[in-house]
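Note on naming: letters A, B, ... go to the chains in the order of the sequence lines (proteins, then strands), and numbering restarts at 1 for each one.
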Amino acid sequence: MEIQVNLPDGSKRSIEQSATAADLAKSIAQGLYRKAVGAVINGEIRDLFTPLADGDTVKILTPDNPESIELLRHTSAHVMAQAVQNIFPKAKIAIGPTIQDGFYYDFDIPEHALTPEDLDKIEVEMKRIADSNQRLVRFNIPDVDAQLSEFREQGEKYKAELLEEHRDHEPTLYHMQDKDGKTVWNDLCRGPHLPSTNHIKAFKLLKFSGSYWRGDEKKDHLQRIYATAWWTKKDLDDYLLKLEEAEKRDHRKLSKQLDLFSVHDEVGPGLVFWHPNLATVRAVIEDYWRDEHRKRGYDFVFTPHIASEELYKISGHLESYGENMYSAMDIDGMPYRCKPMNCPGHIMIYKTRLRSYRDLPLRFAELGTVYRYERSGVLHGMLRVRGFTQDDSHIFCTPEQLEGEINGILDLIDALMSTFGYTYKAYLATRPEKFIGDIAEWDFATEALRNAAKSRGLECEIDEGGGAFYAPKIDIKLYDAIGREWQGPTVQVDLNLPNRFDVNFIGDDNSRHKVIMIHRAVLGSMERFVGGLIEHYAGAFPLWLAPQQAIVLPIADRHYEHGEKVVKELKEMGMRVKMDTRSETVNYRIREAQVEQVPYMLVVGDKEVAADGAAVRHRREGDLGILNLADIKTKFKEEIDSKKV
RNA sequence: GCCGGUGUAGCUCAAUGGUAGAGCAACGGUUUUGUAAACCGUAGGUUGCGGGUUCGAAUCCCAUCACCGGCUCCA
């Protein structure tokens with residue numbers, strides 16, 4: 001008896017009935033068989049030794065298929081677990097999934113806290129296991145209860161808990177077998193896995209940290225080891241290089257070099273002080289932000305930083321967000337709170353008068369500073385802080401206007417993000433299980449988001465059930481210069497606050513209707529956005545943003561006068577320029593300007609005085625030769641106006 | 001908040017129980033410089049803060065604060 005399977009190229013192939021994907025690979029080509037590490041069967045990644053059925057669509061996976069890396073990393077996780085248990089026999093294993101660029105495994109290691117030396121040891125043991133070429137063999141667990149008691153005897157309580165939970169899902173066990181076919185280790189796992197460990201050649205343990213069983217801080221505390229694995233040494237080295245590059249771009253590190261921001265023990269953690277250099281960058285961004293909003297019909301508002309607790313009772317923040325709010329301060333016997341959100345304030349402004357449908361949409365925008373309690377352990381430079389300024393806006397509109405408004409927001413998002421040189425991806429987060437409001441409204445709002453995106457040709461991945469309890473939303477993820485993902489803009493259609501505050505407008509039918517309210521932030525918070533920008537640009541802000549746009553370097557004292565003239569003319573066109581008259585060599589001053597990431601250095605000596613210009617040096621392109629002052633001004637103006645990245 | 005690590009001059013880092021040190025930066029002087037570091041000198045620290053052990057503590061112990069890597073959460 002033979003069966004027929006479909007191959008990726010559309011052809012069909014007959015093989016023996018009991019054949020596995022491995023047999024299929026062998027029948028196609030020896031070379032393919034040698035490289036094969038798994039198979040995609042009917043769209044699902046499976047073990048190479050999975051038996052095939054008639055009519056299956058099968059693709060043999062080799063390291064050349066990007067999706068195969070999952071197999072490598074997942075199997076590497078098991079090798080790591082085995083290594084850890086070999087070294088620490090008392091260690092119990094929890095879970096070990098793959099993550100972006102790598103994998104981790106959680107362990108309960110009694111009476112031992114991992115050290116960096118342990119990582120080295122584990123790595124050596126992993127290498128030994130990988131080189132010993134253990135085979136991974138999948139077994140169904142026929143008698144779950146027997147297996148459960150075995151796990152319990154071994155003290156593998158986490159595995160037991162998992163098995164108990166999956167007992168009705170045909171749980172499987174992977175045995176790792178040595179050359180003689182003897183099982184040396186096993187783990188409860190759904191798979192799939194590599195056929196054997198000798199494919200594991202390029203891996204590295206990266207760091208360890210604490211974690212909790214099932215991510216629950218009330219449950220057992222575990223130790224997690226993070227690692228990465230790649231098919232080739234070169235891929236691994238490239239990845240490690242990328243990590244190093246990311247480290248060099250760390251905004252906290254660059255802040256010290258470039259004098260950007262600080263936090264202070266005397267002030268408190270998570271409270272950021274913007275130094276003049278970074279404040280300049282922020283001010284330029286804010287000016288641009290205001291221009292773009294003005295163009296799009298937004299009105300600017302300002303709201304107080306503290307408010308009576310009453311406001312947050314009405315908004316419901318006290319109830320649903322109270323944990324993140326600072327405790328009340330007493331003002332004339334009334335409790336007041338620091339503002340954690342800008343929305344209630346904007347609603348106050350809306351509600352000061354009766355609004356007609358003719359007034360809508362109203363778009364209130366504010367660079368609104370808010371204070372939120374964050375647990376001490378999560379604070380991180382400028383990216384995670386306790387006081388920050390959101391580029392917040394609330395749009396009040398009619399149902400008919402909703403889709404158009406969302407469209408306008410998406411347009412604004414695109415304009416801003418492309419100016420800063422980010423690419424992005426959109427996610428439509430739909431109704432979660434726990435939600436408030438009625439389903440028809442949810443559907444209406446979700447459709448508006450979907451249609452707005454669609455009409456702009458913006459592809460939205462669906463994040464099913466990922467919405468806030470009060471709102472479906474479009475979240476946008478940004479990708480920076482080295483491909484890292486950042487949390488970006490968000491657009492939420494609020495189905496809650498208009499009710500709580502009874503926010504209305506008078507329709508053309510002369511009766512009251514509930515207004516639709518959109519929350520949106522484009523930059524997110526100034527702290528996080530600018531912190532991210534520092535890393536995105538590696539501290540080298542484009543000319544339009546650079547705190548110091550150009551520096552004039554006179555060769556000798558006799559060139560000061562001409563230098564002053566260059567500075568003066570550039571300042572007159574609004575540029576941030578100064579002259580470095582210190583008695584240091586030109587080389588020294590160039591080096592310092594380079595290190596400070598000043599975009600342009602303007603060297604002036606005898607020749608430049610004669611040419612009424614300067615020798616222009618760009619921080620990346622180097623010496624561009626002598627230009628006269630008029631040409632320099634034109635060049636700079638063009639680069640600044642175009643906001644060239 | 002929790003687990004682990006770290007905290008020495010403005011910055012980067014030495015000094016593992018025996019007198020806290022270097023480079024850069026700063027300051028003073030000399031040098032007038034041509035595209036990524038001129039030369040000489042000066043000053044700078046109760047070793048995060050508070051206790052303890054010891055003849056003696058940056059070093060060992062306790063406590064505390066902050067930071068770092070994660071957990072968790074999120075702008």
Side-chain angles (χ1 to χ4, degrees), chain A residues 104 106 109 112-116 118 206-226 247 250 252-253 255-257 259 262-270 321 323-324 340-342 368-392 468 475 486-490 519 521-529 531-532 553-560 581-596 601-608 615-619 621-626:
Chain A
Y104 68 78
D106 283 346
I109 311 175
H112 181 79
L114 288 168
T115 66
D118 292 335
L206 298 173
K207 56 195 174 194
F208 48 89
S209 76
S211 65
Y212 305 99
W213 172 235
R214 314 225 123 166
D216 182 343
E217 56 192 78
K218 289 183 206 72
K219 298 206 161 102
D220 287 359
H221 191 265
L222 305 173
Q223 301 190 63
R224 175 173 300 177
I225 302 177
Y226 286 92
E247 214 172 295
D250 190 310
R252 296 163 301 183
K253 204 167 167 172
S255 169
K256 281 186 183 160
Q257 288 165 24
D259 192 12
S262 54
V263 287
H264 304 266
D265 285 0
E266 301 87 325
V267 179
Y321 200 72
E323 278 185 10
N324 292 292
M341 304 259 185
N342 298 305
T369 304
V370 295
Y371 293 89
R372 298 182 184 173
Y373 173 72
E374 297 284 357
R375 297 159 113 194
S376 58
V378 306
L379 301 172
H380 183 90
M382 299 184 77
L383 301 181
R384 194 68 189 279
V385 295
R386 286 177 170 166
F388 56 95
T389 301
Q390 290 181 301
D391 74 312
D392 211 353
D475 280 329
W486 295 80
Q487 183 183 314
T490 178
H519 305 247
V522 181
L523 307 180
S525 81
M526 296 311 293
E527 283 72 9
R528 180 176 285 178
F529 187 75
L553 305 176
I555 301 239
D557 297 4
R558 63 180 180 279
H559 307 120
Y560 284 5
T581 54
R582 290 175 307 168
S583 136
E584 300 285 356
T585 60
V586 174
N587 272 338
Y588 180 92
R589 286 174 289 162
I590 284 178
R591 179 186 152 80
E592 197 164 280
Q594 284 281 161
V595 168
E596 282 167 14
M601 287 144 266
L602 302 172
V603 179
V604 295
D606 292 336
K607 284 179 277 180
E608 290 75 15
V616 180
R617 178 191 167 93
H618 183 262
R619 65 183 168 202
E621 294 156 30
D623 192 354
L624 303 178
I626 298 177

*Thinking salt bridges, do A:R224 and A:D106 make one under a 4.0 Å N-O criterion?*
yes
_The side chain of A:R252 is closest to which nucleotide in this list: B:A36, B:G34, B:C68?_
B:C68
*asked:* Give me the atom names and distance for the closest heavy-atom approach of A:V603 to A:E608.
replied: O-CG, 3.3 Å
_Partners meeting side chain to side chain contact (heavy atoms under 4.5 Å, CB included) with A:V595 (sequence neighbours left out)_ = A:R591
*Round to a whole Å and report the spacing from CG of A:L602 to C1' of B:G34.*
14 Å
*Can you tell me how far P of B:G1 sits from OH of A:Y373, to the nearest Å?*
5 Å
Protein N or O to nucleotides 42-45 of chain B N or O, pairs below 3.5 Å:
none

*Let me have a per-nucleotide readout for nucleotides 70-75 of chain B, 5' to 3', with B, S or -, counting only protein heavy atoms under 4.0 Å.*
BBBBBB
*State which residues pass side chain to side chain contact (heavy atoms under 4.5 Å, CB included) with A:K253; sequence neighbours excluded, sorted by chain then number.*
A:D250, A:Q257
Give me, pair by pair, the N or O atoms of the protein and of nucleotides 46-49 of chain B that are less than 3.5 Å apart, along with how far apart they are.
none

*Please list, chain by chain and in numerical order, all residues satisfying ring pair (Phe, Tyr, Trp, His ring centres under 6.0 Å) with A:Y212, sequence neighbours excluded.*
A:H221
*Sequence neighbours left out, what passes ring pair (Phe, Tyr, Trp, His ring centres under 6.0 Å) with A:W213? Give chain and number order.*
A:Y158
*Using a strict cut-off of less than 4.0 Å between a Lys/Arg side-chain nitrogen and an Asp/Glu carboxylate oxygen, indicate whether A:E592 and A:R582 qualify as a salt bridge.*
yes
*With sequence neighbours left out, what residues match A:D475 under side chain to side chain contact (heavy atoms under 4.5 Å, CB included)?*
A:K473, A:T490
_Quick test of your reading of the model: are A:R372 and A:E527 salt-bridged, counting only N-O distances below 4.0 Å?_
no
*Determine which bases of RNA chain B form Watson-Crick or G-U wobble pairs with both distances under 3.5 Å, and write the result as a 5' to 3' dot-bracket string with | for other-strand partners.*
(((((((..((((....[..)))).(((((.......))))).....(.(((..]....))).))))))))....
_Checking A:N342 against A:H519: is there a side-chain donor and acceptor pair closer than 3.5 Å?_
no
*Provide the closest heavy-atom pair for A:D118 versus A:H112 in the form atom of the first, atom of the second, distance.*
OD2-NE2, 2.6 Å
Under 3.5 Å between N/O atoms: give me all the protein pairs with nucleotides 8-12 of chain B, atom names plus distance.
from	atom 1	to	atom 2	distance (Å)
B:U12	OP1	A:K256	NZ	3.3

*Where each residue is assigned the nucleotide of RNA chain B containing its nearest heavy atom, which of A:L379 and A:R619 is assigned the position nearer the 5′ end?*
A:R619
*Might you point out which heavy atoms bring A:R384 and A:V378 nearest each other, and give the distance in Å?*
CG-O, 3.2 Å
*Base-contact (B) and sugar-phosphate-only (S) positions in nucleotides 22-32 of chain B, heavy-atom cut-off under 4.0 Å, - elsewhere*: ---S----BBB
*Whole Å only: how far is the NZ atom of A:K607 from the P atom of B:U33?*
13 Å
*Report yes or no: do A:H559 and A:D606 form a side-chain donor-acceptor pair below 3.5 Å?*
yes
*Sequence neighbours left out, what passes ring pair (Phe, Tyr, Trp, His ring centres under 6.0 Å) with A:Y104? Give chain and number order.*
A:Y226
_Interatomic distance, A:R386 atom CZ to A:Y373 atom OH [nearest 0.5 angstrom]_ = 5.5 Å
